[in-house]
Amino acid sequence: ETHTVTCSAPVNIAVIKYWGKRDEELVLPVNSSLSVTLNQDQLRTVTTVSVSRKFQKDRIWVNNREESMENPRLKRLLAEVRRLTKEQGSMSGNGTRPPSHDCHMHICSENNFPTAAGLASSAAGYACLAYTLCQLYHLQVDVSLLARQGSGSACRSVYGGFVKWEMGEREDGSDSIAVQVAPESHWLELEVLILVVSSEKKAVSSTRGMQTTVKTSPLMKYRCETVVPQRMETMERAIVERDFPSFARLTMQDSNQFHAVCLDSYPPILYLNDTSKRVMQLVTAYNKLHQEERVAYTFDAGPNAVLYCLRETMSELISLVTHYFPPTPGNERNYIRGISSEDCRTDSDFTKKLKLTFDPTPGLLQYIIRTSVGDGPRLLTQP
Ligand code: DP6
């Protein structure tokens, strides 16, 4: 008998960044973090897991290529699922028996967006795997606890909307879990524009980069002990009150400080490139013009920008971005994803009308994606 379940999970983008572990094995962080879950129409992972007595060994395919099962995080996640399955016996939610813990699994995982593009693919990937395994084995556990052990940021992708990851204090990690701050319906006006600067694999992985920072950055101690605890509270309040200017300012400040502790590491870690910095300057000039925060940028461990704004600002933002970062000739058709043509009336007089002064050196972007806040993992088939 073969049991098969297919699920999907979203990407999340942190507005208060997770950076640094206090336990590498259990993936326990040195600070709490908070993120926005993105709409699965544009960015998601779909994972199918099959279990059968006929399978000779565990196997995994990611984006149609078979990968090694020797990945320690993956192995630990599967071992944990089998341990829990054995422990919970054949309990079940809907009368059907879960598969046995001693059968092998075939895992097939696919993104609807390029992997390793610095687009949080590991977050969606591990959240999806953890969620799918919980469905398949009828596990009565906190899914975020399992997802976390695959990749820290993945624990926040197990809920939609606005999600915090409480760092917790226990040594076994049982209180290091994700909690939803507000569902996606809470702030439907909040929208997202992703500027893909480069889809190359990053030079320093998050896992390695944060080790260097924890070991060597004197600024990091101040960030974890003093800055982040305050920002978590202020950010949560800004979201609950739908206070966009506060949300935006904190988001940019925390992205800046994350990249500052990277630079403060030794050897230094640099994720931003010239295009990223031009995006920061453009957003800063735009906000200054309006004398309030209307757009926020944030950057993870790579040069790609994620911009947040309210729906009423989006068409102006798209015009601004496509004006200063025009597509390279030949790339026009591929350039804009999820954006209707009426949003994208590129008006040559537009920036003059806006009276925005910004150095017009053309920047280079590969493409941009318009999206919004989205829901959590979905069960796509019945077990
Ligand atoms: C900059 O979750 O990828 O995106 O736990 O080692 O797998 P591991 O790291 P990962 O780190 C993400 C770092 C970040 C900030 C964030 O998402 O909070």
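Side chains are part of it too, since the values below use all heavy atoms of this structure and drop only hydrogens, waters and symmetry mates. Note that ligands are numbered from 1 as they come in the structure, with each ligand's atoms numbered from 1 the same way. None of these values were measured; they are calculated from a predicted model.
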Colleague: Any salt bridge linking E233 with R231? Criterion: basic side-chain nitrogen under 4.0 Å from a carboxylate oxygen.
Modeller: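 No, E233 and R231 are not salt-bridged.
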Colleague: Taking Q40 for the side chain and G376 for the main chain, is one N or O donor matched with an acceptor at less than 3.5 Å?
Modeller: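 Yes; judged by distance alone, with no hydrogens or angles, the pair exists.
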Colleague: Salt bridge check: are R223 and D254 linked by an N-O gap of less than 4.0 Å?
Modeller: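 Salt bridge between R223 and D254, a charged N being under 4.0 Å from a carboxylate O: yes.
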Colleague: Quick one: ring pair (Phe, Tyr, Trp, His ring centres under 6.0 Å) partners of Y222, sequence neighbours excluded?
Modeller: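 With neighbours one apart ignored, the set is empty.
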Colleague: Taking it one step at a time, do F247 and Y308 satisfy ring-ring contact (aromatic ring centres under 6.0 Å, His included)?
Modeller: CA-CA 9 Å; F247 169 85; Y308 293 101; 5.5 Å; yes
Colleague: Does ligand 1 have any N/O atom under 3.5 Å from a protein N/O, and what are those pairs and their distances?
Modeller:
| residue | atom | partner | partner atom | Å |
| --- | --- | --- | --- | --- |
| ligand 1 | 2 (O) | S151 | OG | 3.1 |
| ligand 1 | 2 (O) | S153 | N | 2.9 |
| ligand 1 | 2 (O) | S153 | OG | 2.7 |
| ligand 1 | 5 (O) | Y18 | OH | 2.6 |
| ligand 1 | 5 (O) | G152 | N | 2.8 |
| ligand 1 | 6 (O) | K21 | NZ | 2.7 |
| ligand 1 | 6 (O) | R73 | NH2 | 3.1 |
| ligand 1 | 6 (O) | T207 | OG1 | 2.7 |
| ligand 1 | 7 (O) | R73 | NH1 | 3.1 |
| ligand 1 | 7 (O) | S151 | OG | 2.7 |
| ligand 1 | 17 (O) | R156 | NH2 | 2.8 |
| ligand 1 | 18 (O) | Y18 | N | 2.9 |
| ligand 1 | 18 (O) | R156 | NH1 | 2.9 |
| ligand 1 | 18 (O) | R156 | NH2 | 3.1 |

Colleague: Could D243 and R249 be called an ion pair, given the rule that one side-chain N must be under 4.0 Å from one carboxylate O?
Modeller: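 Judged by the 4.0 Å cut-off on N to carboxylate O distance, D243 and R249 do not form a salt bridge.
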